[in-house]
Amino acid sequence: MNRPIRRIALFLMVGMVVLVAGATWHQLLAADRYRDHPDNRRTALLQAGKERGMISTVGGRVLAFSEQDPESFRSYDRRYPAGDAFASVVGTEASQGGLEGIYADELRSRRDLSVSDLMAAMFGEDLRPRGLQITLDADLQQRAHEILTRRRGAVAAIRPDTGEVLALVSSPGIPVTERAANALYPLGSAFKIVTAAAALDTETAGIDSLFEDRAVWQVPGASLVVANPGNVPCGDSSQVSLLTSFVLSCNLAFAELALEVGSEVMDVYAAAFGFGTGTGLPLQTPAPSFGGERSSDPGLLASAGTGRLALSSPLHMATVAAVVANGGMMAPPYLVASWTDADGEVIERPGTPQASRVITPETAASVARMMERVITEGTGQEATVAGHRVAGKTGTGQDADGRNHAWFVGFAPVDSPTIAIAVMIEPGGEFGESVTGGTAAAPVASELLSYWLQRS
Amino acid sequence: MRLLTEAAWVAGSAVVAGLGVALVDVGKTGQVTWAVAVVFLAFGCCLAGLVAAVRRWAPGASSFLLWPTALLVALGLVLIYRINPMEAPIQVWWIVAGVVAAIGILLTLRWGVERLMPVGYWLAAGGLGLIVLPFVPRLLGGESESPHGLWLTVGWGNVNFMVQPFGLGAVLLAVGLAGIHSRWALESVSNRGAGRLVANRDLLVVGAVWVTTLPLLWATGDLTAWAVLVVLSATIAYAATGDSRAVWTGLSLLGIGFVIGLTSSRMRETLQVWLDPFSAGDAGAGLKESLLALGSGHLSGSGLGMGEPELVPRATSDWILAALGEELGLAGTVAVIVLYGLVTAAGVGVSIGSRDLFSKVAAAALSFLLCLMFLSAAGGLQRLLPPTDLGLPFLAYGGIPLLAGWLAMALLVRISHEEQGPL
């Protein structure tokens, strides 16, 4: 009499085994499909109310912190007490970009009672969210934000000897997009720093080397004609020095130099200055380019030597200035100073990136001398800071629509630099449509540098 | 030694309930509330009372029946407390009521479980009535207050609550059918020669259950719950007679019923949800949200109190396994499958060890019923079967499923005791 019962029981047990298989399918093999399903509201719920670590500057300014929701336990509100000046760098809870987006995993609380977290807790690990300290100088950032308020543009500042990023400001800040590190703009003559450095470093020319002074130059073997700004010669005599060309931002000398240095060597120097690779900062995605990479076209190379084809970001150009300021050594910029535990004790320093030599100290000194003359008697006179020696180079890059982008790239004080900056001003805002490096970017740099130099 | 074992599982289940409630508290509010003590004490006292009653009236019973059940009830209570704390005290009272009912059954049947055999007709008819009758108004189109499935709204004045008579009816039906078939089998042994005609009566019973429950399928569209009844009646007939025609009859009737059911708009809706829960709108919300909850739970779950099971509609009753899967993960799901497997295996073990035919068939019927109900609810959740809102005995919120489960358990305990032979 038991046989039918045994048979049925066997069938039922097979059913149980099928259930285990089904559960494994739904909860393990196909689980991600459900978890990441667009209809799954958990993803949004989990992101929103979670506790995150504090973001602050090394100097102690709090940029973001989580506050427990008085209404509901486990739910946190994210506060950004430092305001708009930091919005583009910090980002928001929901943003993909900014520090909040980039370090979402590192900042999260691990008090989720998931098995791996519980195991970690048993081994005495601190599950509270970690804090992030960044190198920004809160006051400088704030000041730069104020200076840029009525303008369109971006500013980056770094400490030349260490690479600490001191300021990263984008204006307008709404919609919140980080542009000082994360966008490329036509660079113009500010690239001449690189061409000059390559020529001096390879001893292709000295700062007093003379070039024939013309208004325009037909590049040999190319259909291209290189012209000076305004289609006029640089000076009054028949010859002009590299120094004068640099100080007045004449193009012809640099077109000739690029050809003399040669495509391969130009590539090497551009790459050493970070063109083609970028700064390595997590905020930055696009790589700057100088436009003459691996080019066998002399017209293209000559044009690239003047900076006409270059694209870069303010942060990258600040590091270019920093190389000159730092005796030819590049200290790659970094923003993350340290990770702390929830009590603010430093638990991890990512370590400063390895500095590398780009040009010789002698070359750096020569370029610095030329850059100082730009401020004292050249295109960058508006960047002057009374009582301080400033070095810099202006640039005016044109985009595909012919709209100017004004640049100032420089550092101060010349004898022992504490800051390297790059200012980029777009058309629009206070300066109107026609902006140039000397008239739009240099005054901003002057305001910023005078604030910095007077403070220190 | 035995006292030790009993004390161990009573305390163990109470600890599971109390600890679970504590974890929910910590997960939700960060601190432990007095509910932990209440649940621990209530649970411990209930089970201690049950154990005392079993000692008194069914001392020979296997303890394998009770401890997996106690763990399931504890787990269910914790999940209900987690999802909807308002429902937890009510569930505690229902647990008390269920245990009292179980003790009542032990007390009533202390003269022998075979007394139920002669009233098999009445039990079966009563069970079928409980299952089907409440849905007759809906079938006639007169009542539209019960919007979904097997649930009914019952109310006095302005106090309304939801009941699901299905589980209790099914337990009565199982015992009743066991009584009918075993009585006939015993008769046919005494009147040799009646032969095939006698066995045909058994097939007719399967058919009768099929015919009477068709309105339920029509009114609720719950194909899976209805199939439980047909499969149950066929397996009881097969277990009692050993005639495999009962199985084939049951399967054929399932097929025919399915075709007939296709004319019901409610059943078509159920099938639509089953085939594509993600584009079935509100009707498919339960299944859809449950699947999302399962997947989000992954291997180890979000942790008690840390998931979002509130996103699943009717999460404490129809889809309680989804909350389990989300917060306790695949591990929790498999644990519950194993616990139900143990309950079924223990019940089947009682049946196989019984010498009395009615006890044997009744124990088998009750074990099959518990297992079938679990397979339906879990299979519906996993989309192996069309979704059902059948209340899971022991785990789900609701008095009647819980009561039904405890009744079945009490009967199994009593039969298990008698299997030891007259003391």
Side-chain angles (χ1 to χ4, degrees), chain A residues 1-51 68 71-75 109-119 121 127, chain B residues 23 26-30 235 238-244 246-247 278 288-289 291-308 311 325-326 329-331 333-334 337-338 340-341 344-345 348 351-352 357 360-361 364 367-368 371-372 374-375 378-379 381-384:
Chain A
M1 218 58 243
N2 284 335
R3 212 166 64 172
I5 295 172
R6 285 210 169 94
R7 279 187 183 165
I8 298 165
L10 184 69
F11 265 100
L12 294 176
M13 288 305 151
V14 169
M16 294 299 219
V17 172
V18 171
L19 279 188
V20 172
T24 310
W25 170 256
H26 285 292
Q27 300 199 250
L28 198 62
L29 303 175
D32 292 345
R33 195 181 310 166
Y34 293 127
R35 198 173 46 189
D36 305 332
H37 195 280
D39 287 357
N40 197 341
R41 286 169 280 169
R42 284 170 188 76
T43 324
L45 284 171
L46 284 177
Q47 282 300 319
K50 273 283 161 68
E51 184 182 15
Q68 197 168 325
E71 302 282 298
S72 93
F73 173 81
R74 271 180 64 208
S75 182
S109 164
R110 295 191 296 157
R111 285 185 286 191
D112 284 355
L113 298 190
S114 72
V115 169
S116 57
D117 288 352
L118 283 177
M119 291 298 287
L127 298 186
Chain B
L23 277 177
V26 171
K28 280 168 92 173
T29 64
T235 50
Y238 178 51
T241 61
D243 188 341
S244 60
V247 176
F278 285 90
K288 180 180 98 172
E289 293 292 349
L291 288 170
L292 296 178
L294 281 189
S296 306
H298 220 272
L299 188 62
S300 56
S302 62
L304 275 173
M306 313 296 281
E308 304 289 342
L311 296 177
E326 178 179 358
L330 178 60
T333 304
V334 172
I337 296 174
V338 167
Y340 267 101
T344 310
V348 169
S351 164
I352 285 172
L357 183 64
K360 182 186 287 295
V361 178
S367 320
F368 295 163
C371 191
L372 283 172
F374 177 69
L375 286 174
L381 173 68
Q382 294 180 5
R383 282 186 73 207
L384 296 168

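Below, chains carry the letters A, B, ... as their sequence lines are ordered, and counting in each starts from 1.
- The two residues A/Val20 and B/Val334 come nearest to each other via the heavy atoms CG1-CG2, 4.4 Å.
- Here the closest heavy-atom approach between residue B/Gly242 and residue A/Pro4 is recorded as CA-CG, 3.8 Å.
- Taking CG of B/Leu372 as the reference point, atom CD1 of A/Ile8 lies at 9.5 Å (rounded to 0.5 Å).
- Between A/Gln27 and B/Leu299 the shortest side-chain heavy-atom distance does not fall below 4.5 Å.
- Using a 4.5 Å cut-off between heavy atoms, B/Ser244 makes no contact with chain A at all.
- In this structure, the side chains of A/Leu19 and B/Tyr340 stay at 4.5 Å or more apart for every pair of heavy atoms.
- Residue-environment remark: CZ (B/Phe278) exceeds the threshold of 12 foreign heavy atoms within 6.0 Å.
- In this structure the side chain of B/Glu326 reaches within 4.5 angstrom of the side chain of A/Arg42, judged on heavy atoms.
- Contact of the B/Phe374 side chain with the A/Met16 side chain is registered, since non-hydrogen atoms from C-beta on lie closer than 4.5 Å.
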> For B/Leu294 and A/Tyr34, what are the C-alpha separation, side-chain angles and deciding distance, and is it a side chain to side chain contact (heavy atoms under 4.5 Å, CB included)?
Replying inline: CA-CA 8 Å; B/Leu294 281 189; A/Tyr34 293 127; 5.6 Å; no

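- Pairs of residues two or more places apart, or lying in two chains, that qualify as salt bridge (Lys or Arg N to Asp or Glu O under 4.0 Å) and include a residue from residues 24-34 of chain A are A/Asp32-A/Arg35.
- By the 4.5 Å heavy-atom criterion applied to side chains, B/Phe368 and A/Leu12 are counted as neighbours.
- Between A/Thr24 and B/Leu330 the shortest heavy-atom distance is N-CD1, 3.7 Å.
- For the set B/Ser367, B/Gly297, B/Ala293, B/Ala246, the count of heavy-atom pairs under 4.5 angstrom toward chain A peaks at B/Ala293.
- Only the backbone of B/Ala240 comes within contact range of chain A, with heavy atoms under 4.5 Å apart.
- Contact record, A/Ala31 with B/His298: CB-CD2, 3.4 Å, taken as the closest heavy-atom pair.
- Neither the backbone nor the side chain of A/Ala30 comes within contact range of chain B; no heavy atom of the residue lies under 4.5 Å from a heavy atom of that chain.
- Among the candidates B/Leu381, B/Ile352, B/Ile337, the residue making the largest number of heavy-atom pairs closer than 4.5 Å to chain A is B/Ile352.
- Heavy atoms closer than 4.5 Å to chain A are found in the side chain of B/Leu384, but not in its backbone.
- When side chains are defined from C-beta on, A/Asn40 does not count as touching B/Glu289, because their heavy atoms never get closer than 4.5 Å.
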>> Is there a side chain to side chain contact (heavy atoms under 4.5 Å, CB included) between A/Trp25 and B/Gln382? Walk through the geometry before answering.
In response: CA-CA 9 Å; A/Trp25 170 256; B/Gln382 294 180 5; over 6 Å; no

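- Residues B/Lys360 and A/Asn2 are in side-chain contact: their nearest non-hydrogen atoms beyond the backbone lie under 4.5 Å apart.
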>> Evaluate B/Leu292 against A/Arg41 for side chain to side chain contact (heavy atoms under 4.5 Å, CB included), listing each step before the verdict.
In response: CA-CA 9 Å; B/Leu292 296 178; A/Arg41 286 169 280 169; over 6 Å; no

